Amino acid sequence: MDFSLSTWMMLVFVIGMALSFWKLYAFMPNKHLKDDDTTQESQNELIDLILHVIKESDGELNEKELHDKVKGHENFDIEHFWRFNENKLRQLLNIHYLKHPHTQSIKDVHKDLNT
């Protein structure tokens with residue numbers, strides 16, 4: 001069987017393309033990393049911890065104090081939530097406020113949790 005030059009070129013091109021796709025697939029993340037705190041489960045875990053800290057407090061916290069108390073809590077995993085900062089806290093509080101429209105502040109959340 002005699003192949004022409006264009007057939008050989010096409011064969012090499014298809015093999016090269018298959019190798020390229022395989023290399024891309026091998027480097028694409030296909031599972032969550034251990035310290036990935038952007039998943040829904042991690043976000044829910046962090047919101048639960050924030051609510052727990054608010055419930056234990058007297059309700060007179062500002063965002064900075066709440067951030068410090070959450071980071072100092074015994075259940076806070078610093079390696080898992082290494083990106084947790086005041087901005088992330090504000091985002092999570094806003095998510096909670098959207099789910100519970102009758103709460104608009106940390107004091108409202110505290111009152112809601114303790115009733």
Side-chain angles (χ1 to χ4, degrees):
M1 189 190 268
D2 192 20
F3 292 115
S4 66
L5 180 60
S6 62
T7 306
W8 282 110
M9 289 173 54
M10 182 57 80
L11 184 65
V12 169
F13 174 76
V14 169
I15 290 172
M17 185 73 89
L19 284 173
S20 297
F21 282 132
W22 176 78
K23 291 281 276 180
L24 284 173
Y25 175 77
F27 286 107
M28 296 293 276
N30 51 9
K31 63 180 180 177
H32 293 292
L33 299 175
K34 187 177 86 169
D35 65 346
D36 185 12
D37 62 348
T38 59
T39 62
Q40 187 65 39
E41 296 83 23
S42 296
Q43 198 173 33
N44 290 340
E45 182 181 342
L46 198 50
I47 288 175
D48 290 343
L49 180 61
I50 291 169
L51 294 176
H52 180 74
V53 169
I54 291 174
K55 186 174 182 176
E56 287 180 343
S57 73
D58 59 358
E60 299 294 328
L61 295 171
N62 61 27
E63 290 177 353
K64 173 81 171 125
E65 292 169 341
L66 180 58
H67 174 261
D68 293 340
K69 286 192 176 207
V70 169
K71 284 192 86 164
H73 196 273
E74 62 188 21
N75 293 338
F76 184 78
D77 185 4
I78 192 76
E79 291 182 13
H80 186 165
F81 300 115
W82 61 276
R83 287 183 223 150
F84 183 69
N85 56 24
E86 289 182 49
N87 188 37
K88 183 72 170 177
L89 173 67
R90 259 184 242 109
Q91 290 174 359
L92 294 172
L93 285 173
N94 285 332
I95 289 170
H96 182 75
Y97 297 154
L98 288 173
K99 288 181 181 176
H100 303 90
H102 60 282
T103 60
Q104 294 300 317
S105 67
I106 295 172
K107 191 172 187 174
D108 292 342
V109 172
H110 180 266
K111 191 167 83 173
D112 187 48
L113 291 173
N114 288 319
T115 56

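Quick caveat: nothing in here was measured; it's all calculated off a predicted structure.
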Check whether [X] and [Y] end up in the same hydrophobic cluster, where Ile, Leu, Val, Met, Phe, Trp and Tyr are linked by side-chain heavy atoms less than 4.5 Å apart.
{"X": "Ile15", "Y": "Trp8", "result": "yes"}
{"X": "Phe13", "Y": "Leu11", "result": "no"}
{"X": "Leu5", "Y": "Val12", "result": "no"}

I'd like a table of donor-acceptor pairs (distance under 3.5 Å, sequence neighbours excluded) in which one partner is a side-chain atom from residues 17-27, with atom names and distances.
residue	atom	partner	partner atom	Å
Ser20	OG	Gly16	O	2.9

Which residues satisfy the side-chain hydrogen bond (donor to acceptor under 3.5 Å, both in side chains) test with His73, sequence neighbours excluded?
->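 None.
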
Just jot down the ring pair (Phe, Tyr, Trp, His ring centres under 6.0 Å) partners of Phe84, sequence neighbours excluded, or say none.
->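 Phe84 satisfies ring pair (Phe, Tyr, Trp, His ring centres under 6.0 Å) with His67, Phe76 only.
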
What distance do [X] atom [atom1] and [Y] atom [atom2] have between them, rounded to the nearest 0.5 Å?
{"X": "Leu89", "Y": "Lys64", "atom1": "CG", "atom2": "NZ", "answer": "11.0 Å"}
{"X": "Ile95", "Y": "Ile47", "atom1": "CD1", "atom2": "CD1", "answer": "5.0 Å"}
{"X": "Ile54", "Y": "Ile50", "atom1": "CD1", "atom2": "CD1", "answer": "7.0 Å"}
{"X": "Asn44", "Y": "Gln40", "atom1": "CG", "atom2": "CD", "answer": "4.5 Å"}
{"X": "Lys69", "Y": "Leu49", "atom1": "NZ", "atom2": "CG", "answer": "13.0 Å"}
{"X": "Leu93", "Y": "Leu98", "atom1": "CG", "atom2": "CG", "answer": "11.0 Å"}

Are His100 and Asp112 close enough that a side-chain donor and a side-chain acceptor fall under 3.5 Å?
->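 Not at all, the side chains of His100 and Asp112 share no donor-acceptor pair under 3.5 Å.
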
Got more than 12 heavy atoms from elsewhere within 6.0 Å of NZ, Lys88?
->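 Counting other residues, nucleotides and ligands, NZ of Lys88 exceeds 12 neighbours.
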
Side chain to side chain contact (heavy atoms under 4.5 Å, CB included) assessment of Leu92 paired with Gln43 | CA-CA 8 Å; Leu92 294 172; Gln43 198 173 33; 3.3 Å; yes

Contact check, side chains of Leu51 and Lys55, non-hydrogen atoms, under 4.5 Å | no

Below 4.5 Å, heavy atoms only, C-beta onward: do Glu63 and Ile106 meet side chain to side chain?
-> yes

Without swapping roles, check the side chain of [X] against the backbone of [Y] for a donor-acceptor pair under 3.5 Å.
{"X": "His110", "Y": "Ser57", "value": "yes"}
{"X": "Asn94", "Y": "Arg90", "value": "yes"}
{"X": "Glu56", "Y": "Val53", "value": "no"}

